[in-house]
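Naming: A, B, ... by sequence-line order, numbering from 1 per chain. Please read these numbers as outputs of a predicted model, since none were measured by experiment.
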Amino acid sequence: MNTNFYEQVYEIVRLIPKGRVTSYGAIAKSLGAAKSSRMVGHAMSYAGTAHPVVPAHRVVNSSGLLTGKFHFSPPELMEELLAKEGVKVKDDKVLNFRQIFWNPMEEITE
DNA sequence: GCATTGACAATGG
DNA sequence: CCCATTGCCAATG
């Protein structure tokens, strides 16, 4: 595939530490495509059928909302995984989102 | 190749 | 804080 963009997205998502979450825009920015935040979401769709396990449940929208939880095998899986990681989810949104927010740029530092 | 849709983001009211 | 609009880019029909 070598669809660089998607590969980059998967790479970053895989780098997300346990108990942390990030937003599509942050990932897009890290890749230098802040305008293509939607592409990150598309990449996530492929994540389930592409690479070995991409913790897409750690990726949420800019509001910390679990927008794509419905895309998981069981929609509840997203909250389950997040809960296991120590992330509290309420009303399909991450609590203390700003505190557990993980900035990909800090790990990329190109 | 055009039109529609989409795991989004940012801005304005 | 919630709703409406715009931009952006790729996938799909």
Side-chain angles (χ1 to χ4, degrees):
Chain A
M1 308 353 160
N2 286 344
T3 35
N4 295 39
F5 189 78
Y6 292 143
E7 283 290 315
Q8 296 289 326
V9 175
Y10 300 145
E11 202 173 331
I12 295 185
V13 175
R14 268 188 257 145
L15 289 173
I16 302 177
K18 173 182 173 185
R20 291 286 176 120
V21 292
T22 191
S23 61
Y24 301 91
I27 296 174
K29 274 189 183 182
S30 309
L31 300 179
K35 325 164 178 197
S36 308
S37 43
R38 287 183 116 123
M39 301 318 46
V40 181
H42 268 281
M44 300 278 82
S45 300
Y46 275 66
T49 63
H51 261 264
V53 180
V54 177
H57 59 270
R58 291 182 187 156
V59 185
V60 294
N61 73 347
S62 58
S63 302
L65 194 70
L66 310 187
T67 44
K69 74 161 193 175
F70 211 70
H71 287 235
F72 284 73
S73 331
E76 306 88 62
L77 181 62
M78 190 164 188
E79 300 174 36
E80 286 263 309
L81 293 169
L82 286 172
K84 280 185 169 229
E85 301 284 306
V87 179
K88 310 300 182 187
V89 178
K90 188 70 172 182
D91 192 46
D92 294 349
K93 62 189 169 197
V94 177
L95 299 183
N96 306 327
F97 175 61
R98 291 187 76 178
Q99 293 183 25
I100 66 177
F101 180 80
W102 178 74
N103 192 338
M105 287 194 174
E106 296 188 358
E107 291 296 311
I108 296 176
T109 59
E110 289 186 85

Is there a donor-acceptor pair closer than 3.5 Å between any side-chain N or O of [X] and the backbone N or O of [Y]?
X       : Y       : answer
A:Asn96 : A:Gln99 : no
A:Asp91 : A:Lys93 : no
A:Tyr10 : A:Ala43 : yes
A:Arg58 : A:Arg20 : no
A:Thr22 : A:Val59 : no

Interatomic distance, [X] atom [atom1] to [Y] atom [atom2] [nearest 0.5 angstrom]:
X       : Y       : atom1 : atom2 : value
A:Met44 : A:His57 : CE    : NE2   : 11.0 Å
A:Tyr6  : A:Ser45 : OH    : OG    : 8.5 Å
A:Phe97 : A:Leu65 : CZ    : CG    : 10.0 Å
A:Ser30 : A:Leu15 : OG    : CG    : 10.5 Å

message: Heavy atoms within less than 4.0 Å of DNA chain B: which residues of residues 41-48 of chain A have one? Give them sorted by number.
response: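 Under 4.0 Å from DNA chain B: A:Gly41, A:His42, A:Met44, A:Ser45.
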List, with names and distances, any nitrogen or oxygen atoms from the protein found under 3.5 Å away from nitrogen or oxygen atoms belonging to nucleotides 6-8 of chain C.
unit_1	atom_1	unit_2	atom_2	d
C:dG7	O6	A:Arg38	NH1	2.9
C:dG7	N1	A:Arg38	NH1	3.3
C:dC8	N3	A:Arg38	NH1	3.4

- prompt: Over how many whole Å does the gap from A:Glu7 atom CD to C:dA10 atom C1' extend?
  reply: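 To the nearest whole Å, that distance equals 17 Å.
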Bounds of contact between DNA chain B and chain A, in 5' to 3' order, using a heavy-atom cut-off under 4.0 Å: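 Here the contact window of chain A covers B:dG6 to B:dA9.
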task: Counting Watson-Crick and G-U wobble pairs only, both distances under 3.5 Å, name the nucleotide matched with B:dT5, or none.
output: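 Paired with C:dA10.
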field: Exercise: identify the closest heavy-atom pair between A:Met78 and A:Lys69
entry: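 It is SD-CA, 3.4 Å.
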- prompt: Any side-chain N or O of A:Tyr24 less than 4.0 Å from the OP1 or OP2 oxygen of C:dC9?
  reply: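 A:Tyr24 to C:dC9 OP1/OP2: no side-chain N or O under 4.0 Å.
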- prompt: Looking across every strand, which nucleic acid part, if any, lies under 4.0 Å from A:Ala56 by heavy atom: base, sugar-phosphate, or nothing?
  reply: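 Since a base atom lies under 4.0 Å of A:Ala56, the category is base.
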